[in-house]
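Please read the structure below before turning to the comments.
A quick note: this is a predicted structure, and the numbers were derived from the prediction, not measured.
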Amino acid sequence: MESMFLIIITFLIILSVFGLMAGVSNDAVNFLNSAIGAKVAKYRTIVLIASIGIFAGAATSNGMMDVARHGIMTPQHLTFFEVMCIFLAVTVTNIILLEIFNSLGMPTSTTVSLVFELLGGTLAIALLKITKGATDASGNLLGFGDLMNTEKAISVIFGIFLSVGIAFILGIIVMWIARLVFTFTYRSNGKSTSAGNKNESFIASSVKMGVFGGIAVTCIIWFLLINGLKGSSFMTPELKQGINDNALYIIGGGLVIFSLIMTALSMLRLPILKFVVLLGTFALAMAFAGNDLVNFVGVPITGLESYIDYSNNGMGNSEGYMMTSLMESAQTKPIYLIIAGIIMVLSLVFSKKAHNVIKTSVDLSRQDEGDEMFGSSAIARSLVRSSRKTASFFSDLVPAKAKKWIDSRFNTNEAVLEDGAAFDLIRASVNLILAGLLVAIGTSLKLPLSTTYVTFMVAMGSSLADRAWSRESAVFRITGVISVIGGWFITAGVAFVLCYGITTFLFFGKIFAIVIAIALGIFLPIQSNLKFNKKQKSEKTDTTFKQILQSRDKNKNWELLCEHVSKHNNEQLEFIADCYETCTSAFFNEEYSRLKRITGDLEEHRKRIKRQRRKEIIGLRHVNPILAIERNTWYFLTNNSVAQMLYCLKRLEEPCREHLGNNFTPVPIKYVNRFMAIRNEVLKLIRSTREMFESDDFTNAETIRNDASKIQQSLSAYRKCIIDDLQNTGVNIEAMTVFLNMIQESQELLGSLRHMIRGMVKFKE
């Protein structure tokens, strides 16, 4: 068993590396979201600055691992074996949760994960000990209060609710005020963000920008002092007390000095807003590394120290030696922190999953409309309706002149964003300032605010105040926010239950269970990365749609939109042909599993049509309005025809799948052969249509439509023959009913194809 404990410690360290990599991938959204969303610099520059912040935060942390040591459990009443079960279960659970959330592209809180994992694991051991009648050194029976500390978990839950609500509301208020002051057209580093160069005077703009920059820099530096450097080795109790006692002088002096400096720099046409955003990125990255490092390395380092203590003093009695040493505060060796910092930096630089999580947050807060990641939900639709009624009520109370002035401050028509930016520098600055300030205030008040929750909800609140959630996108954005918030609360429950189960399994399974847990902890990240890489390869970036959103040339946008529509229709026709061929062949060959797979594919393509349709409707808004009105009828005819073809396949596939699933009698071969000949003609026609769309040459359009009509007539004649046979011969009614449905849906498929061709010809003429 002794060698097994050494293996556990080794794998705890190995798994902590995976956890560190997965954690950085997930939490990168906290400090990269604003800088990437506003395109303040090249991606590698932003990552470099964040990397420096991460390394500085990790290296200057004092490595206090008290949460892992005695923040939740009371180790003086736990044996070495029990502590190892908890630590291994926590590590495996953490890996599972982070890999799931990263793959889904959803941000979650590693702090909440750690606390609830420790709580679940400790509860499992506590129940087992209480059931067995465990006693302390004095012989008194142990209770839950002796074995675990629930106060930490309660404070985290309180912090979650508090941070989500406050961050969102303050994000709305502060962003609304900032937009009233600056509007969407302002001078940044001497350049105007207005397409028509409509701005206030250079001096007034510089002073306004300087004061804003001074407030921003002061808040960020205060955040660094209170939160980013709170655990640094040089942050002595005396220095902390001095900062707290002179807080007003530090903040007031900073506001005056930095405002003057920023005003001067603004007059020199230097990009102070970009400096503010990059400084905020550095500060949040540093605070993340310094404060959240315990979430990743706390358990393995505590496990290593426990093993050293047990090896020296345990006398080989793993189930009798109490871990009283863990009640003392840890002093982690700097080399561990430096290694952790290096791993975090490398993970940030090379992690593709970090891009995925960042994309979720940026997409939900971007200024313009685009490809929405989330669909709509009943809750979101209800919230949108209620919000509109409430907004209308308050809007009626505002005087008309004031309302007109406010609307003019939120006019985005003249605004010009950086190429590829999701929002402007003002919003990026507000996100970072407010997030840093809220976390700093929460820290000073000893409230465990989550950096993930605060930064995400501030970004959502600021995007709502910035009127980025239009009537066309609000329901999708709200669904996304609900999904992310729901994921946070699910994290706590899943972490608790899963760690409870794994700890119990380890306690009773001993060596056998330990081997399985270690194998699971290694296998899951490898499998997750393989799946993620496969998914990344299959997903293609819609560059044409992005070009439409970024271009202001309406003629160019029309060409791009036609290209987008053609490409989308070509992909759908290729899928329809393959699906039709598979459905018919699988049915006649009685290949149930092959037919069953089509169900999911059809549903996925149906959703894809809805997403593409929404994109292309947005594209129609970026072309000449007269042209859009003329062609939109034909666009909808084309799009609806594709949707109808998919519904035809669905109506064809379902009875076939049910027939095969019940093992009913197949269709006689003599009927199959004649149908297959017609089917091949249908496939040939669909693929000819696809080639015509791909070449953009509609010379043969009418010929293909006529051929489709002829095949429809052939299918109709064949259907009548089968009906006659049903009346005059003894063929199987169940099989022939499904077969007749296949013929009828084939006719409908061709009818929709004819409408699609007509729509595309008119759309592009």
Taking only residues two or more places apart in sequence or in another chain, which ones pass salt bridge (charged side-chain N to carboxylate O under 4.0 Å, His left out) with [X]?
X      : answer
Glu654 : Lys650
Glu603 : Arg606
Arg597 : none

If the condition is side-chain contact (heavy atoms from CB on, under 4.5 Å), which residues does [X] pass it with, not counting sequence neighbours?
X      : answer
Ala50  : Phe31, Leu32, Thr281, Ala285, Leu348
Thr91  : Leu12, Leu15, Val299
Ala495 : Leu97, Phe116, Glu117
Ile130 : Phe144, Leu147

Could you check whether any side-chain heavy atom of [X] comes within less than 4.5 Å of a side-chain heavy atom of [Y], counting everything from C-beta outward?
X      : Y      : value
Ile96  : Leu520 : yes
Ile514 : Ile7   : no
Ile518 : Leu88  : yes
Tyr321 : Phe81  : no
Phe507 : Thr503 : no
Ile9   : Met84  : yes

- Item | Gln76: side-chain hydrogen bond (donor to acceptor under 3.5 Å, both in side chains) partners, not counting sequence neighbours | none
- Item | Residue pairs passing the salt bridge (charged side-chain N to carboxylate O under 4.0 Å, His left out) test where at least one lies in residues 481-496, sequence neighbours excluded | none
- Note on the structure: So salt bridge (charged side-chain N to carboxylate O under 4.0 Å, His left out) across residues 487-501, not counting sequence neighbours, yields none
- With His605 via ring-ring contact (aromatic ring centres under 6.0 Å, His included) - residues at least two apart: Phe575
- Message: Going by the rule ring-ring contact (aromatic ring centres under 6.0 Å, His included), which residues pair with Phe80 if we only count those two or more places apart in sequence or in a different chain?
- Response: Phe5, Tyr310
